[in-house]
Amino acid sequence: MLKEKMHAALNHQIKIEAESSQIYLGMASWAETKGLNGIADFLYGHADEERMHMLKLVRYINERGGHAFIPLLEGPKNEYSSVNEVFESFLNHEIEVSSQIDELVGLALSERDYSTHNFLQWYVAEQIEEESLARTILDKLALIGEDKGGFYMFDRDLVNIKSSLSNENTGI
Ligand code: FEO
């Protein structure tokens, strides 16, 4: 059974993950309207991943005898000035999410809730991967600079970046 503090904190994380999904959906839609189809596909996929992060929390809270509340969400940003701004926002957002996950891990330890601590390790690993993904993308954009051909290739290849990074991380 989840203790009250942990229950409230995990419910709050549902909102953060759901809002992340909305934020990436807003970015994806912006990119699609600019004809950046590779970037849009990547971001649509990422919005789905965030929904899955949210759903894992919903299922976990209910499995532990709690009640996962489905929150009202803030509307996301819908306009961006550049692809750089999109991915800088992406990185900053993931850094914030990582610190939220760290708070949850700290709470799980102080509450001696080792099941939740164990459950959260998946999120800890995921955050390392997501921050690293965002930094890799920003590095690539910095290298491309004003090179239109390079940017065209970047847009085309972005969908493959995550899977190749995941393979690197898992050593497959
Ligand atoms: Fe679910 Fe990107 O943090």
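Since the structure is predicted, the reported quantities are computational estimates derived from the model, not experimental observations. Ligands are counted one by one from 1 in listed order, and the atoms in each one are counted from 1 as well. Values reported hereafter were calculated over all heavy atoms of this structure, with side chains retained and with hydrogens, waters and symmetry mates removed.
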Identify all side-chain donor-acceptor contacts of residues 82-91 below 3.5 Å with residues at least two apart in sequence or on another chain.
| unit_1 | atom_1 | unit_2 | atom_2 | d |
| --- | --- | --- | --- | --- |
| S82 | OG | N84 | N | 3.4 |
| S82 | OG | E85 | N | 3.0 |
| E85 | OE1 | S81 | N | 2.6 |
| E85 | OE1 | S81 | OG | 2.9 |
| E85 | OE2 | K77 | NZ | 3.2 |
| S89 | OG | E85 | O | 2.8 |

Exercise: do Q100 and E96 side chains pair donor with acceptor under 3.5 Å: no
For S98, the option from E103, H93, Q127 that meets side-chain contact (heavy atoms from CB on, under 4.5 Å): Q127
E32 side chain reached by L43 side chain, heavy atoms, under 4.5 Å: no
Protein N/O/S neighbour count - atom 1 (Fe) of ligand 1, strictly under 2.8 Å: 3
Please tabulate, one pair per line, all N/O donor-acceptor pairs under 3.5 Å involving side-chain atoms of residues 139-154, not counting sequence neighbours.
| unit_1 | atom_1 | unit_2 | atom_2 | d |
| --- | --- | --- | --- | --- |
| D147 | OD1 | G149 | N | 3.0 |
| D147 | OD1 | G150 | N | 3.1 |

Y44: partners by ring pair (Phe, Tyr, Trp, His ring centres under 6.0 Å), with sequence neighbours left out: none
